[in-house]
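So the structure is just underneath, and the comments pick up after that.
Within every chain, numbering begins at 1; the chains are lettered A, B, ... in the order of the sequence lines, protein sequences first and strands thereafter. Just so we're clear, the structure is a prediction, and the values are computed from it rather than from any experiment.
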Protein chains: 2
Amino acid sequence: MSPVPTLSDVAKLAGVSLATVDRVINRRPNVRAHTVERVRAAMAALDYRVDPLAAGLARRKRYKFVFLLPGGTNAFMADLAARLESLTGWLTANRASVETVFADVFDPKRLVEAIDGIDREADGAAIVALDHPDILAAIDRLSGDGVAVVTLVSDVPKSQRLRFIGIDNTAAGRSAGTLLGRFTAGRAGTVALLVGSLSLRDHVDRCLGFSQIVERNFPHLTVLPVIETRDERNRAERAAKDVLGEHPDLVGIYNVGAGNVGIASALRAGATAIRPVVVCHELTPGSVEALRAGQFDAILAQNPGHEVRSAARVLLACASKTGVVEEQERIRIDIFIRENLPA
Amino acid sequence: MSPVPTLSDVAKLAGVSLATVDRVINRRPNVRAHTVERVRAAMAALDYRVDPLAAGLARRKRYKFVFLLPGGTNAFMADLAARLESLTGWLTANRASVETVFADVFDPKRLVEAIDGIDREADGAAIVALDHPDILAAIDRLSGDGVAVVTLVSDVPKSQRLRFIGIDNTAAGRSAGTLLGRFTAGRAGTVALLVGSLSLRDHVDRCLGFSQIVERNFPHLTVLPVIETRDERNRAERAAKDVLGEHPDLVGIYNVGAGNVGIASALRAGATAIRPVVVCHELTPGSVEALRAGQFDAILAQNPGHEVRSAARVLLACASKTGVVEEQERIRIDIFIRENLPA
DNA sequence: CTGAAAGCGCTTACAG
DNA sequence: CTGAAAGCGCTTACAG
């Protein structure tokens, strides 16, 4: 017997053929209970584990996955798409291909159409979704048709998705609250809260976490009513300008959604006595530049490269019935200040 | 031709045998320049890429790696060892095994012995090293004997190591300086700086980055002379107690090395009017508890799971001559506050 | 310098 | 319900 036991070793020990061992390992039907037992015992005795390389090679199948991402100009989403693009080499090496579809996330009808339009022959799909009943239903239809679904970045918790790949957004909001609160160093005043849309679950969760922390731990800060920017740069700029103009006691801005370039530009235009503390989300050229320039104070982030790799690994593991290294798939809430920005 | 081109497709197109194509792909000797050209052209025309599964299966070789970690009670290092342990499944699946060796990092002589003792038949080694001339020489001997070396956590920059897997420690020190400086919210006073040892490159680098930032950006803070703790819990506790007793104006503590449990306990014993801001390194049960309890304010961390996986992937890629996803191997400086602690 | 053949450890039809 | 044989896409001796 070789140093590492093989299928043949198991077959020999159990006194059956290779095909039968294969049936037991892969839980295929038509094996007598008694035979299953014998094979199981032999596997246990030898501490046998299948060789994924050999199994992958022998299985002729190639896998197909679909990634459904938001269209539009959102820099983070563009980054996500780019990371996915650069993952194709790895995917090909693992006998998989991916089709990327872009859809308008802000419009439930279109998103439903896009989900319903996903090829039912696909082995899996990763979807940046809106938490809306119609979307939930569409995801469940897709899943019911045998396509494994993971939600990416923004979750639809009650759907039949296999798993959510993204950060805990309530915790991210709480982190933003603590950083902003502490960085204001005791100054009293108002704080502006900008979001892309109140119909996006991740944005709402961040608002919740933020408000909780500020109310409890920083009573000298008053959070202004939420402003929606639709994740558009111009609207974010307008909102920041208004807020800077109308509230001379503004000590902080938390931008939950996109549009950071607009905020930086508003900050440049309307210089105040003491610059407000600014906390935002995602490493994009605009946000990084503002952090470097000292206009922003902290960036909360999720790693888009990690997210697409995680989605791909999870879908592949599901399709090929192999395991997942749980710890590796946990997406962390990254905190960046000027000093720990990646090179 | 299949949807994805294979070796046979290339061989057919180039009018040569499989073996010859294999020689060209793997840069084996004894192929006429002209033949090489023909094969290269065919590969390019078909956009051929080798199937790593098939190649891995056909190559009968199994890989052996050695991980050299510090012995002792350091909680982070114990975590690192545990993560490595739980990676064995993945390693086996990839035809690799690892031997873990523990050595005293604080003693150059012993460390040299340990490095010299590494099996020259091994395909690669990951070493948590001390940046010392004798260690450098030992690493270069190992590397010269054909064992690929990566340094882990602490680098020996001028050695022949393939790559360093860890964080930028100067940047980590700068991050600590900014967080501690901003969290003190303008209060003036002294700051204590504890390190494990000034002969550890990572510790010294952190001190450097920290001092730079504090001097430049927080002139109202005075950094006290560095205290060495040898990464021992009791010495750290003693140091913290002394500093708390002797400096009523202490506003901050930065612990560069291990021994966080000792510091937390000193903090509990010697209650001061305003608790000093505490920044430390690594997520360990003790540091996490202190952060949760509000005794510590921030933890800088490197992800030990990521680090051992990265080391394993890099060594495996080197041994099997396959590629590395650069972006995936970059170890980030994680910042944790109570709110973004992993679940 | 080049090629024919065996084999890596599985899975897949097909036959019984 | 079970097995014999072919084959997945490479690499490895061996022969010439």
Side-chain angles (χ1 to χ4, degrees), chain A residues 1-40 42-43 46-63 92-96 319-323, chain B residues 1-40 42-43 46-63 92-96 319-323:
Chain A
M1 198 189 82
S2 38
V4 180
T6 68
L7 242 205
S8 320
D9 296 320
V10 177
K12 223 165 284 166
L13 185 62
V16 299
S17 72
L18 294 181
T20 296
V21 179
D22 174 74
R23 288 185 185 102
V24 174
I25 288 172
N26 295 297
R27 301 164 196 287
R28 291 187 234 280
N30 300 330
V31 189
R32 268 194 306 171
H34 174 246
T35 312
V36 172
E37 272 325 304
R38 294 246 311 277
V39 174
R40 286 256 161 78
M43 297 200 319
L46 296 173
D47 191 28
Y48 169 78
R49 13 216 105 203
V50 307
D51 182 332
L53 297 197
L57 182 59
R59 236 189 293 260
R60 292 125 206 282
K61 184 160 170 55
R62 299 195 165 262
Y63 305 109
T92 307
N94 286 277
R95 327 182 114 47
S320 61
K321 288 167 193 142
T322 54
Chain B
M1 197 189 81
S2 38
V4 181
T6 68
L7 243 206
S8 321
D9 296 319
V10 176
K12 222 164 288 168
L13 185 59
V16 298
S17 74
L18 292 181
T20 297
V21 179
D22 174 73
R23 289 184 184 102
V24 173
I25 288 172
N26 296 297
R27 300 165 196 287
R28 291 186 233 281
N30 300 332
V31 189
R32 269 193 305 171
H34 174 247
T35 312
V36 171
E37 272 324 303
R38 294 245 312 273
V39 173
R40 287 256 163 78
M43 295 200 320
L46 295 172
D47 191 28
Y48 169 79
R49 11 217 106 203
V50 308
D51 181 332
L53 298 195
L57 181 60
R59 236 188 294 260
R60 291 125 209 283
K61 183 161 170 54
R62 299 194 167 263
Y63 305 108
T92 308
N94 286 276
R95 328 182 112 47
S320 61
K321 288 166 194 144
T322 54

(message) If the cut-off is 4.0 Å, is B:Arg95 near the phosphate of C:dG9, judged by side-chain N/O to OP1 or OP2?
(response) no

(request) Keeping the roles fixed (side chain from A:Asn94, backbone from A:Ala96), state whether a donor-acceptor pair exists under 3.5 Å. (result) no

(message) Using the side-chain heavy atoms of A:Asn30, tell me which of these nucleotides is nearest: C:dG9, C:dA13, D:dC1.
(response) D:dC1

(request) Kindly point out which of C:dA13, D:dC10, C:dC10 is positioned nearest to the side chain of A:Thr6? (result) C:dC10

(request) Ignoring the backbone of A:Ala55, work out which of D:dC10, C:dT2, C:dC10 is nearest its side chain. (result) C:dC10

(request) Pick base, sugar-phosphate or nothing for A:Thr35, based on heavy-atom distances below 4.0 Å to the nucleic acid. (result) sugar-phosphate

(request) Could you check how far CZ of B:Arg60 sits from C1' of C:dC8, rounded to whole Å? (result) 6 Å

(request) Determine the contact category for B:Asp51: base if any of its heavy atoms lies under 4.0 Å from a base atom, sugar-phosphate if only primed atoms, P, OP1 or OP2 are that close, otherwise nothing. (result) sugar-phosphate

(message) Side chain of B:Asp22, heavy atoms from C-beta onward: which of D:dC1, D:dT11, C:dC10 has the nearest atom to it?
(response) D:dT11

(request) Let me know the distance between CG of B:Leu53 and P of D:dC8, rounded to the nearest Å. (result) 15 Å

(request) Using the closest heavy atom to pick a nucleotide of DNA chain D for each, name whichever of A:Arg32 or B:Ser8 lands nearer the 5' end. (result) A:Arg32

(message) Nearest whole Å is fine: how far is C:dC8 P from A:Asp9 CG?
(response) 11 Å

(request) Compare all side-chain heavy atoms of B:Arg23 with those of B:Val39 and state whether any distance is below 4.5 angstrom. (result) no

(request) Name the residue closer to the 5' end of DNA chain D, choosing between A:Leu18 and A:Pro29 according to the nucleotide with the nearest heavy atom. (result) A:Pro29

(message) I want to verify a distance call: between D:dC10, D:dC14, D:dG9, whose nearest atom is closest to the B:Arg23 side chain?
(response) D:dC14

(request) Name the closest nucleotide to the B:Ala54 side chain, picking from C:dC10, C:dT2, D:dG9. (result) D:dG9

(message) Between A:Ser17 and D:dA4, is there a contact of a side-chain N or O with OP1 or OP2 at under 4.0 Å?
(response) no

(request) Give the rounded distance in Å between these two atoms: NZ of A:Lys12 and P of C:dG9. (result) 11 Å

(message) Rounded to whole Å, how long is the line connecting atom CG of A:Leu7 with atom P of D:dA4?
(response) 14 Å

(request) Name the residue closer to the 5' end of DNA chain C, choosing between B:Ala58 and A:Arg28 according to the nucleotide with the nearest heavy atom. (result) B:Ala58

(request) Quickly work out the A:Leu57 CG to D:dA6 C1' distance and round it to whole Å. (result) 13 Å

(request) Have a look at A:Ala19 and say if it touches a base, only the backbone sugar-phosphate, or nothing, with a 4.0 Å heavy-atom cut-off. (result) base

(message) Is any side-chain heavy atom of B:Val4 closer than 4.5 Å to one of B:Tyr48?
(response) no

(request) Tell me which nucleotide among C:dG3, D:dT12, D:dG3 gets nearest to the side chain of B:Val16. (result) C:dG3

(message) Does any part of the side chain of A:Val24, heavy atoms only, come nearer than 4.5 Å to the side chain of A:Arg38, both counted from C-beta?
(response) no

(request) For the residue pair B:Ile25 and B:Leu7, establish whether any side-chain heavy-atom pair is separated by less than 4.5 Å. (result) yes

(message) Of the options C:dT11, C:dC8, C:dT2, whose atoms approach the side-chain atoms of B:Val31 most closely?
(response) C:dT2

(request) Identify the nucleotide, in any strand shown, that forms a Watson-Crick or G-U wobble pair with D:dC14, with both distances under 3.5 Å; if there is none, say none. (result) C:dG3

(message) Counting C-beta onward and ignoring hydrogens, is there a side-chain heavy-atom pair between B:Asp22 and B:Leu18 closer than 4.5 Å?
(response) no

(request) Give the rounded distance in Å between these two atoms: CZ of A:Arg62 and P of D:dC8. (result) 12 Å

(request) Please state how far atom NZ in B:Lys61 lies from atom C1' in D:dC10, giving the value in whole angstrom units. (result) 18 Å

